[in-house]
Each structure stands twice: as C-alpha cells, then as structure tokens.
Amino acid sequence: MKHLIQINKIENVTHNVLRIVTNKPRNYKFTPGQATELAINTPELKDKKRPFTFTSLPEEDELEFTIKVYEAHEGVTDQLDDLNVGDELILGDAWGAISYKGPGTFIAGGAGITPFIAILKSLRFQGKLAGSKLFFGNKTENDIIYRKNLEVWLGSDLHLALSKDNHKDFHHGYIDKALLKNHNINLSNYVYLCGPPAMMESVTAQLYEMGLPKDRLVMEDFQ
C-alpha cells in the first residue's frame, strides 16, 4: 500500500547525511531495523523508489529517516538536498531482514548504521541496551552518523574505526578480526551486520573464521 507523507523537518546530521522527519499515516506499522521504499511525489520522480530505513521508533508519532545523499545515484537520493518542509514523499509498506533476535554485537559500515539506530533506541528505551557492543566503520571522523548519540548510549561499548583519518582516539583501518578479538566480541551471542558489499563480505568471512555459527549472523546488504 502507498501513503502520501509530508516532510515536517529536514536537517543535516553530517556533511552528506540528512535527517528527514515526516507525519505518520494512521495505523502504519514497522519494527525497529525495518526499511521501506520512498519516492518523491513529483511527476518526474514518483516512480523512482529507493529503500530507506526507519530511524524512529514504532511508538513515536512521526516517522524519521536518516539518509545518505549519493549525488551519483539518479532518482531519490540525488534530489534530497532540494527538498523542503511541506514537500511530499510516497511511502510504501515496511519490510526488511534485520530484526532484533537477542543480545549481541552490532557491526556497521557507513550508512549501514541506519537499521541499528532504531534497534539501539528501542533497547535503550526498554532498559536492555547494557552489554550490546557496536563496531562502526567510516572513512573520516566527519562521516560518523549520530556520533554523540552513540557515545551517550553505548559508552565504552562503542568502537569506532576510520579507514582514512589517522586519529589517536579511533582505530585506524577497517573493522577486522584483530579489532573484534581485541574488544572481546562474544561469538555465542548474535552478530548484526550491515554495510557496503565489500565490507560485508570481508567481515562475514572473518567472523566465520573466528567460529561464529552461521545461524548467529543477522545481516542485510546496504547498497
């Protein structure tokens, strides 16, 4: 089913990531970690749908999306910077493979953090966030989405890696077996993984090498 929603707020959270808040259709349902398809409601763009993850909670009165702007992509993502409060989007039904199955470790690359934002918010709201770890890889310090929020939520259980910046406060390089072992990843719990395809492939292979059972890996590609 399609719904028309209106933008109530739009702002930058990093140099190329937008936070878009809209009204919520009556009785619209989703679970933390799920996504939907959005299109911009103009004659030229209404049929150009792209998947985006909810970063709001299901019980909130508004919908929130945290979206990276890719200028090279034709359609929704290269037009987002031109949107304003009052503009309309076309919203589809909720779907997605990422859902919370139990305590564990979250591993994200870049905009692949978005499915985990709502999950972490939900766990914090329920008082169940303690013991969760997040490994979050980005190119530079300026690319870290919701850094301050994540630092408050997770404290010492947040581990940030930067592949380009060499900064004393962050791991320099990619998320790999050595980093995960160094911070005592618990392979008897679930591991949630989302990021660019190359990162997903590399981390998946290393997790299996470390002994993670395949039924303990919860993941979804983030294109």
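Nothing fancy with the numbering, it's 1 onward along the sequence.
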Close side-chain approach of [X] to [Y], heavy-atom, < 4.5 Å:
X: Val191; Y: Leu207; answer: yes
X: Pro32; Y: Pro58; answer: yes
X: Phe125; Y: Glu59; answer: yes
X: Asp87; Y: Gln6; answer: no
X: His172; Y: His167; answer: no
X: Ile7; Y: Asn84; answer: no
X: Asp82; Y: Leu80; answer: no
X: Leu180; Y: Ile107; answer: yes

- Message: Could you walk me through whether Lys121 and Glu64 satisfy the salt bridge (charged side-chain N to carboxylate O under 4.0 Å, His left out) test, starting with their C-alpha distance in whole Å, then the side-chain angles of each, then the deciding distance to 0.1 Å, before giving a yes or no?
- Response: CA-CA 13 Å; Lys121 275 186 186 178; Glu64 177 190 89; 3.3 Å; yes
Tell me whether the count of non-hydrogen atoms from other residues, nucleotides or ligands lying under 6.0 Å of [atom1] in [X] goes above 12.
X: Asp215; atom1: CG; value: yes
X: Glu151; atom1: CD; value: yes
X: Tyr208; atom1: OH; value: yes

Checking [Y] against [X]: is there a side-chain donor and acceptor pair closer than 3.5 Å?
X: Tyr174; Y: Ser202; value: no
X: Thr14; Y: Asn16; value: yes
X: Asn142; Y: Thr140; value: no
X: His159; Y: Asn182; value: no

- Task: Measure from NZ or CZ of Lys133 to the centre of the six-membered ring of Phe106, then state whether that distance is under 6.0 Å and the direction lies within 45° of the axis.
- Result: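 Not flagged: Lys133 not positioned over aromatic ring of Phe106.
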For residues [X] and [Y], report the shortest heavy-atom separation together with the two atoms involved.
X: Leu63; Y: Pro25; result: CD1-CD, 4.1 Å
X: Gln34; Y: Ala94; result: OE1-CB, 3.6 Å
X: Ala118; Y: Leu57; result: O-CD2, 3.4 Å

- Message: Quick check: His3 with Tyr28 (ring centres under 6.0 Å apart)?
- Response: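 When the ring centroids of Tyr28 and His3 are compared, they turn out to be within the sub-6.0 Å range.
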- Are Glu62 and Lys24 ion-paired here, with the side-chain N under 4.0 Å from a carboxylate O?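 Answer for the salt bridge query: no.
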- Message: So that I can tick it off, tell me whether Glu37 and Arg50 are bridged by a salt bridge, with the cut-off set at under 4.0 angstrom between side-chain N and carboxylate O.
- Response: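 Result for this pair is no, no salt bridge flagged.
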- Task: Let me know which of Phe54, Phe30, Phe52 forms a ring pair (Phe, Tyr, Trp, His ring centres under 6.0 Å) with Phe65.
- Result: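 Only match with Phe65 under ring pair (Phe, Tyr, Trp, His ring centres under 6.0 Å): Phe54.
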- Item | Leu162 vs Glu141, side chain to side chain contact (heavy atoms under 4.5 Å, CB included): CA-CA, chis, key distance, verdict | CA-CA 7 Å; Leu162 303 179; Glu141 185 176 0; 4.2 Å; yes
Quick one: do [X] and [Y] end up in the same hydrophobic cluster if we chain Ile, Leu, Val, Met, Phe, Trp and Tyr together by side-chain heavy atoms under 4.5 Å apart?
X: Ile40; Y: Leu18; answer: yes
X: Val21; Y: Ile145; answer: no
X: Leu129; Y: Phe136; answer: yes
X: Leu187; Y: Phe135; answer: yes

- Message: Walk me through whether Ile175 and Met199 qualify under side chain to side chain contact (heavy atoms under 4.5 Å, CB included).
- Response: CA-CA 8 Å; Ile175 297 172; Met199 176 256 190; 4.2 Å; yes
- Interatomic spacing from NZ in Lys68 to OG1 in Thr114 - rounded to 0.5 Å: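 Output value for this atom pair is 11.0 Å.
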- Message: Just verifying a value: how many Å separate Leu91 CG and Asn41 CG, rounded to the nearest 0.5 Å?
- Response: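 The distance works out to 12.0 Å.
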- Worked check of side chain to side chain contact (heavy atoms under 4.5 Å, CB included) between Thr204 and Leu193: CA-CA 8 Å; Thr204 297; Leu193 175 63; 3.3 Å; yes
- Task: On the 0 to 90° scale, with breaks at 30° and 60°, tag the Phe116-Tyr192 ring pair as parallel, tilted or perpendicular.
- Result: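 Plane angle over 60°, so perpendicular.
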- Message: Does Asn12 form a side chain to side chain contact (heavy atoms under 4.5 Å, CB included) with Val17? I'd like the steps, not just the answer.
- Response: CA-CA 6 Å; Asn12 278 87; Val17 175; over 6 Å; no
